[in-house]
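Since the structure comes first, as structure tokens, the remarks are kept for the end.
Both counts, for ligands and for their atoms, begin at 1 and track the order of listing.
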Amino acid sequence: MVSLSAVRTHNSSLKYFSPGLVAVFVGGTSGIGFATAREFVRSTNSPHVYLVGRNPTEASRIIDELQQINPSSKLDFIKSDVSLLRNVDEVCKEIKEKENKINLLFMTVGYLTFQGRNETTEGLDRKLSLHYYARMRFAQQLAPLLTTAAKDPDPKANLSRVVTVLDPNISRNFTPNFEDLDLKTTFSLKNCGTHASAMNNFAIEHFAKAYPDSSFCHAYPSGVNTGIMREQGPVMSAIWNVVGKTVFKPFMVDLTESGERHVYASTAPQFAPKANAGGVQDAAKGSDEVTGSGAYQLSWNGEVFGPSKKLETMRSNGAEDKIWGHTEQVFKKICEEGGKV
Ligand SMILES: NC(=O)c1ccc[n+]([C@@H]2O[C@H](COP(=O)([O-])OP(=O)(O)OC[C@H]3O[C@@H](n4cnc5c(N)ncnc54)[C@H](OP(=O)(O)O)[C@@H]3O)[C@@H](O)[C@H]2O)c1
Ligand SMILES: *[C@@H]1O[C@H](CO)[C@@H](O)[C@H](O)[C@H]1NC(C)=O
Ligand SMILES: *[C@@H]1O[C@H](CO)[C@@H](O)[C@H](O)[C@H]1NC(C)=O
Ligand SMILES: *[C@@H]1O[C@H](CO)[C@@H](O)[C@H](O)[C@H]1NC(C)=O
């Protein structure tokens, strides 16, 4: 476990980076995304931060707060419902018009639901889209800008990382249905959790090979008291607020600490890109158990998850190609052909 004081020492060294790091927080208007953006802004020189979400009231409140914390920061809100992949493309287009490099893509979009499959107009389940497809579309569309950041001739500006916050552990216990990856016919909330977990795990292994100058982390936040129950209505949210802050408190990570720990996950050198892990002291073990392979499954406390028989079996049965092949098909149908799956 990386102690909180070690996390703080690391984060307080981030002023080492040259001014002008660019970070995109997809789901930056609440919870872990917001808390991480706040610590990032506090810890860096003149960062340029984009917050992507739907709620302009929260966004403007947050932007005021972050501006006060670090007056040298530049903050932008992009309002979009990114459960639609065509909206993801619009957001990426807007960012690409303004930036030629991105140092950090940090993704937390999603929500908790007890309801069943809910199809978007593009034919994907809304929750699986937010937890997987939309995130990987962001990663794919912005990967060239992440590579540009990695190749910055200024060695104090070459951070280049993608972090997707969900849960790498579910798919160490359950295997997805490779015949129905988008859960058209076998949807259940349990399957949705398993699929999102496995698909994030293997997609980042694909990205680490395709974009070796950037590193890719799938991080488990543990229980964090956030707005995650919002979509369950005011009653459930209120109950969660009380129960979360009392009964579960001893088992939960404080929101500010979660932000600090996710800034660590977003910047610590041991989660190195595949291309330069050789030069990094103490490079972490990648999800394929190879040191410095560029894709990392992180627990809330900064440790990588150890080996997994289940994931190893899936890997040797071609999980990465199956999952990425399926994902490209979905992107093609929706984003290139303008259709639905
Ligand atoms: N909190 C926990 O205990 C916990 C535990 C395990 C895993 N996780 C996972 O960690 C991730 C982050 O959780 P959190 O607790 O930080 O959640 P949260 O407080 O509910 O934040 C979710 C963020 O996603 C955005 N969002 C949701 N739907 C969107 C949409 N259709 N389009 C654009 N933005 C959208 C929200 O912004 P707007 O409201 O502005 O749209 C918000 O900024 C989630 O995937 C969650 O499943 C959380
Ligand atoms: C399905 O998603 C839409 C938004 O796309 C939302 O308005 C609706 O309440 C959701 N339905 C259920 C049953 O969750
Ligand atoms: C950044 O530049 C330094 C110094 O040239 C190099 O050692 C390091 O590997 C580079 N980091 C990345 C992420 O490319
Ligand atoms: C991962 O899942 C296993 C099996 O359910 C469990 O024993 C372990 O504690 C989990 N690890 C974490 C860090 O949650």
Ligand 4 to Asn169, heavy atom cutoff 4.0 Å, flagged ligand atoms 1 (C), 2 (O), 3 (C), 8 (C), 10 (C), 11 (N), 12 (C), 14 (O)

Contacts of type ring pair (Phe, Tyr, Trp, His ring centres under 6.0 Å), residue Trp300, not counting sequence neighbours: none

Among the heavy atoms of Glu58, does any lie under 4.0 Å from an atom of ligand 1? no

Are side-chain heavy atoms of Lys322 and Phe202 found at a separation under 4.5 Å? no

Looking at Asn173, which atoms of ligand 4 are within less than 4.0 Å of one of its heavy atoms? 2 (O), 3 (C), 4 (C), 5 (O)

among protein heavy atoms, the one nearest atom 13 (C) of ligand 4 is Phe305 CE2, 3.6 Å

Heavy atoms, side chains only, cut-off 4.5 Å: are Arg137 and Asp89 in contact? yes

Quick one: nearest non-hydrogen protein atom to atom 3 (C) of ligand 2, plus distance? Asn118 ND2, 3.7 Å

Shortest protein contact, atom 5 (O) of ligand 2 (heavy atom only): Arg126 CD, 3.5 Å

Distance flag for atom 7 (O) of ligand 2, protein heavy atom under 4.0 Å: no

Ion pair Arg61/Glu65, N-O distance below 4.0 Å: yes

Linking directly or through intermediates, with side-chain heavy atoms under 4.5 Å: list the remaining ILVMFWY members grouped with Tyr220, chain and number order. Phe305

For ligand 1, the portion of Leu130 having any non-hydrogen atom under 4.0 Å away: side chain

Check: Tyr220 N/O within less than 3.5 Å of ligand 1 N/O: no

So for Lys79 against ligand 1, with non-hydrogen atoms under 4.0 Å, the contacting part is neither

So, Glu122 and Lys333, do they make that salt bridge, N to O below 4.0 Å? no

Taking the side chain as every heavy atom from C-beta outward, state whether Thr175 and Lys310 have any pair of such atoms under 4.5 Å apart. yes

Please check this pair: side chain of Ser215 against backbone of Ala272, looking for a donor-acceptor N/O pair closer than 3.5 Å. no

Checking contacts here: is it the side chain or the backbone of Arg126 that comes within 4.0 Å of ligand 1, counting heavy atoms only? Could be both or neither. neither

Contact partition for Pro221 relative to ligand 1, non-hydrogen atoms under 4.0 Å: side chain

Is Gly27 in polar range of ligand 1, meaning some N or O pair under 3.5 Å apart? yes

